[in-house]
Amino acid sequence: MAAALGLGLDRGAAAAFRGAGIDVVVESARFFGWRLAHPAVAWIPDLQHRSLPQLFPTTARWRRELGFRMQIASGRTIMLSSESALRDFRSYYPGASNKVCVVRFATQPPVAVLNTDPAEVIAAYNLPANYFYLPNQFYRHKNHQLVVDALTILKGRAIDVVICASGSKEDRREPGYYDLVNSEIQKRGLEAQFRHLGVIPLPHVYALLRASTALINPSRFEGWSTTVEEAKSFGVPMILSDIDVHREQTAGSARYFGVDDPVALADHLMQAAQETHGPIIRNVVPHQDDNVSAFAASFAATMRQAAGQDIAEPIET
């Protein structure tokens with residue numbers, strides 16, 4: 001990084017690219033210098049540090065901002081994951097004249113993970129047949145506290161639902177956040193309703209997703225949610241925070257609630273639980289290959305554009 005900023009080139013990386021016959025370089029959380037001879041695409045997954053600056057230490061926020069500004073100033077092709085991110089980009093960097101491409105990724109569940117029997121995984125974690133799945137890391141913007149508040153409301157209505165959560169407890173930006181949420185769970189007597197499994201094997205993640213009543217994502221901010229894409233790949237019902245990118249990602253096919261509205265979330269959980277009749281295990285939806293093919297074509301078109309090659313249709317949005 002020091003060489004890329006001070007001398008304009010990460011010489012070691014540039015030599016490796018030449019030696020490997022690279023046509024286009026994709027920069028992800030890395031900057032190889034404005035003197036890089038290869039065409040470069042800068043993937044900016046989101047602009048959370050601008051939308052929610054209070055969640056970032058000052059040094060981390062400016063390091064991220066400096067990196068993006070260097071990529072913009074160096075004329076990189078900018079790759080974004082959503083129209084929502086594009087609107088943010090245009091708002092925060094109105095003077096940027098870079099080529100900008102929106103590439104919405106889609107997931108293809110590995111065949112190997114589908115060999116895991118969801119019923120065995122559910123039994124191993126001592127979960128009920130019907131549960132909601134929340135596979136988010138414990139970062140403040142992921143908004144777990146809202147789920148705890150919704151469960152409190154349901155407890156007051158004498159309605160029992162179970163939230164199964166997985167993901168890391170660690171957030172370097174706010175080390176004590178998990179403990180705060182967990183203390184609220186214990187204080188409100190919700191240990192049986194909110195089950196945190198920690199970091200679990202990927203086959204277990206897919207198994208729990210496939211058999212869940214619905215996926216929950218209460219996040220205040222997403223670039224393009226991986227958990228939503230994974231749920232879409234199996235046709236899992238979704239209960240999502242009402243943010244622009246979730247609407248874009250699901251085309252209005254999910255249930256939505258405000259990021260500060262635990263009552264709406266509680267209502268959705270109650271209704272979904274009442275509509276569920278017995279356990280179900282889902283397989284990959286028939287059209288998922290088409291979604292992945294569309295993503296691959298969009299990504300390839302972005303690379304060709306960055307390399308200065310003609311493409312059949314425009315991809316700048």
Side-chain angles (χ1 to χ4, degrees), residues 1-2 27-31 43-69 81 84-85 88 92 125-127 131-153 155 162-202 204-205 208-209 215-230 239-241 243 245-246 257-262 265:
M1 177 61 79
E27 293 178 332
S28 176
R30 183 76 181 265
F31 179 59
W43 178 47
I44 297 179
D46 62 60
L47 292 164
Q48 185 189 144
H49 72 293
R50 296 293 300 268
S51 298
L52 299 173
Q54 68 275 17
L55 299 184
F56 290 79
T58 301
T59 301
R61 185 172 71 249
W62 279 106
R63 184 186 304 117
R64 186 172 165 122
E65 180 68 11
L66 176 62
F68 289 164
R69 286 186 178 274
S81 297
S84 176
D88 286 344
Y92 295 133
Y125 292 118
N126 195 30
L127 293 170
Y131 59 90
F132 296 89
Y133 191 32
L134 173 55
N136 285 359
Q137 314 283 34
F138 269 82
Y139 303 155
R140 183 175 288 277
H141 77 277
K142 294 296 186 180
N143 210 16
H144 290 79
Q145 183 61 51
L146 187 78
V147 179
V148 176
D149 293 339
L151 286 175
T152 303
I153 292 169
K155 184 177 180 180
V162 171
I163 306 294
C164 168
S166 65
S168 174
K169 302 176 183 179
E170 304 301 325
D171 183 357
R172 289 177 297 176
R173 296 174 300 183
E174 192 172 357
Y177 178 65
Y178 172 81
D179 293 333
L180 288 174
V181 175
N182 193 48
S183 67
E184 284 298 314
I185 292 169
Q186 294 177 2
K187 185 187 304 181
R188 302 180 192 190
L190 296 172
E191 294 93 337
Q193 288 74 38
F194 193 106
R195 317 271 190 90
H196 181 233
L197 308 181
V199 177
I200 63 177
L202 184 59
H204 290 192
V205 171
L208 292 175
L209 178 62
L215 171 85
I216 304 174
N217 190 340
S219 183
R220 293 180 177 275
F221 192 93
E222 294 284 343
W224 190 257
S225 173
T226 302
T227 60
V228 168
E229 281 303 310
E230 290 170 340
I239 304 175
L240 309 174
S241 56
I243 56 179
V245 72
H246 279 163
F257 57 90
V259 295
D260 293 306
D261 191 349
L265 174 55

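As a basis for the values below, the full set of heavy atoms in this structure was taken, side chains included, without hydrogen atoms, waters or symmetry mates.
- A donor-acceptor pair shorter than 3.5 Å can be found between the side chains of Tyr92 and Ser51.
- No side-chain donor from either of Ser168 and Tyr139 sits under 3.5 Å from a side-chain acceptor of the other.
- Residues Glu184 and Lys187 are paired through a salt bridge, judged by an N-O separation under 4.0 Å between the basic side chain and the carboxylate.
- At least one donor-acceptor pair closer than 3.5 Å links the side chain of Arg195 to the backbone N or O of Asn126.
- A search for side-chain hydrogen bond (donor to acceptor under 3.5 Å, both in side chains) contacts involving Asp261 returns nothing, not counting sequence neighbours.
- A donor-acceptor pair under 3.5 Å is absent between the side-chain atoms of Asp46 and the main chain of Phe221, judged by distance alone.
- Expressed to the nearest 0.5 Å, how far CZ of Phe257 lies from NE2 of His246 amounts to 8.5 Å.
- Under the 3.5 Å distance criterion, the side-chain polar atoms of Tyr131 are matched with a main-chain donor or acceptor of Leu208.
- Judged by distance alone, the side chain of Ser241 and the main-chain N or O of Ile243 form no donor-acceptor pair under 3.5 Å.
- In this structure, Asn136 CG and Asn143 CG are separated by 10.0 Å, a value rounded to the nearest 0.5 Å.
- One finds a salt bridge joining Asp260 and Arg220 here, because a Lys/Arg side-chain nitrogen approaches an Asp/Glu carboxylate oxygen to under 4.0 Å.
- Between the side chain of His196 and the backbone N or O of Gly167 there is at least one donor-acceptor pair closer than 3.5 Å.
- Side-chain atoms of Trp43 and Ser81 form a donor-acceptor pair, as typed in the model, at a separation below 3.5 Å.
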